[in-house]
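Data block below; observations after.
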Amino acid sequence: MEAWQKALLAWYRQNARPLPWRKEKDPYRILVSEVLLQQTRVAQAIPYYHRFLARFPTLKALREASLEEVLRVWQGAGYYRRAERLHRLSREVEALPPSFAALQELPGLGPYTAAAVASVAFGERVAAVDGNVRRVLSRLFALENPSPRELFSLAQGLLPEGEDPGEWNQALMELGAVVCLPRKPLCPACPLAAFCRGREAWARYPRPRRREAPEEGLAALVLLGRRGVYLERLAGRFRGLYGVPLFPEGELEARAQAFGVAPRYLAEVRHALTHRRLRVRVYGAPWDGEGEDPQAKPLPKLMEKILGEALPLLAHAGVVPLPHAEPHGIKPR
DNA sequence: AAACCGGGGAG
DNA sequence: CTCCCAGGTTT
């Protein structure tokens, strides 16, 4: 083991944050943490980790739940396909397979998550390369734009002999999360500063990725019936969750006609996704139907915003009072 | 290779 | 406002 590897492990053993999954050994619990952490900050994932495991403590408990129950617990965490795939996984296997190769075949597990579970839960000697590791290794070796294959190969060769591969992987990630920050690396505090080839020009490693998020104009139709709001099961975006009809702005007239209503404009709501900026014009109308209580269904944040704007206005218009309609937000948490 | 998929915190 | 996070799947 080289000097920098010893330095990193020593640093990690002194500085590892006491994250809730770090004291777990149950592969299922490790898996849940890793899936929740996909493209999600630690601080955001922690409450969902506790909530999810309290409700679904084992793979069996998850398997016996309905997808809608699972989505209700996942509500607010984003990337809802993760929950769908985790649920599907629970029905595809009796127990988690203890190898990187087999794990990667499961729904929702790509190279990173499979490697993380294999190394942390099963001790397999395989490198887990996430965004942190990509950044740390790019800077350490001054790589401007390494490919995923190149990074995995590099990281695989760096796994120290005779050490816990799960601990090693987490040490690299921890360094990226706490010290080797994207826009403000704390080089003076870094245990690898003396070994880092990219330190002087850290901003070049890795080269920042371009992304543009074009704006998309949509309309939402809030129909207030006798017992609540008209909700439908969403498809495509937010698949599996519920919400009011959401469609391209140009379709408003046709949609209103299909429901036999004359909607009026209520508000505008903005919502950012990774690759789109949504601008939603919210329309509402009294509706000759039943409707239901939105709090009983899993809703994406966008729908909470829409209802939070629309319901007070519709209620104020004296249309139909909705049970427990709050002035802002439907169900914080 | 590029598009798609949420939400939130930091700067 | 922009950036990006313990990514994966689909086309």
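Proteins get letters first, then strands, A, B, ... in listed order; numbering begins at 1 in each.
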Do A:Arg22 and A:Gln170 have side-chain atoms, one donor and one acceptor, less than 3.5 Å apart? yes
Heavy atoms only, 4.0 Å cut-off, all strands: where does A:Gln39 land among base, sugar-phosphate and nothing? base
Classify A:Ala77 by what it touches in the nucleic acid, base, sugar-phosphate, or nothing, heavy-atom distance under 4.0 Å. base
Give me the distance, rounded to whole Å, that separates B:dG11 from C:dA6 when you measure between the P atoms they each carry. 13 Å
Between C:dT9 and B:dG8, how far apart are the P atoms? Round to whole Å, please. 24 Å
Across the strands shown, which category fits A:Leu181 at heavy-atom distances under 4.0 angstrom: base, sugar-phosphate, nothing? nothing
Measuring from the side chain of A:Val42 (C-beta onward, heavy atoms only), which nucleotide among B:dC4, C:dA6, B:dG6 has the closest atom? C:dA6
Hey, is the side chain of A:Thr113 pairing donor to acceptor with the base of C:dG7 inside 3.5 Å? no
Check every strand shown and say whether A:Leu36 touches a base, only sugar-phosphate, or nothing at a heavy-atom separation below 4.0 Å. nothing
Does the base of C:dC4 carry an N or O that pairs as donor and acceptor with the side chain of A:Arg41 under 3.5 Å? yes
Assign A:Trp21 to base, sugar-phosphate, or nothing according to its heavy-atom contacts below 4.0 angstrom with the strands shown. base
Touch check for A:Arg134, heavy atoms < 4.0 angstrom, all strands: base, sugar-phosphate only, or nothing? nothing
Distance check: side-chain N/O of A:Lys301 vs OP1/OP2 of B:dG8, anything under 4.0 Å? yes
Compute the ring centroids of A:Phe52 and A:Tyr48, then answer whether they are less than 6.0 Å apart. no
Taking the six-membered ring for Trp, are A:Phe152 and A:Phe100 parallel (under 30°), tilted (30 to 60°) or perpendicular (over 60°)? parallel
Classify the nucleic acid contact of A:Arg183 as base, sugar-phosphate or nothing, counting any heavy atom under 4.0 Å across all strands shown. base
With respect to the side chain of A:Tyr112, which nucleotide from C:dA6, B:dC4, B:dC5 is positioned closest? C:dA6
Do the side-chain N and O atoms of A:Tyr242 and A:Glu292 include a donor-acceptor pair separated by under 3.5 angstrom? no
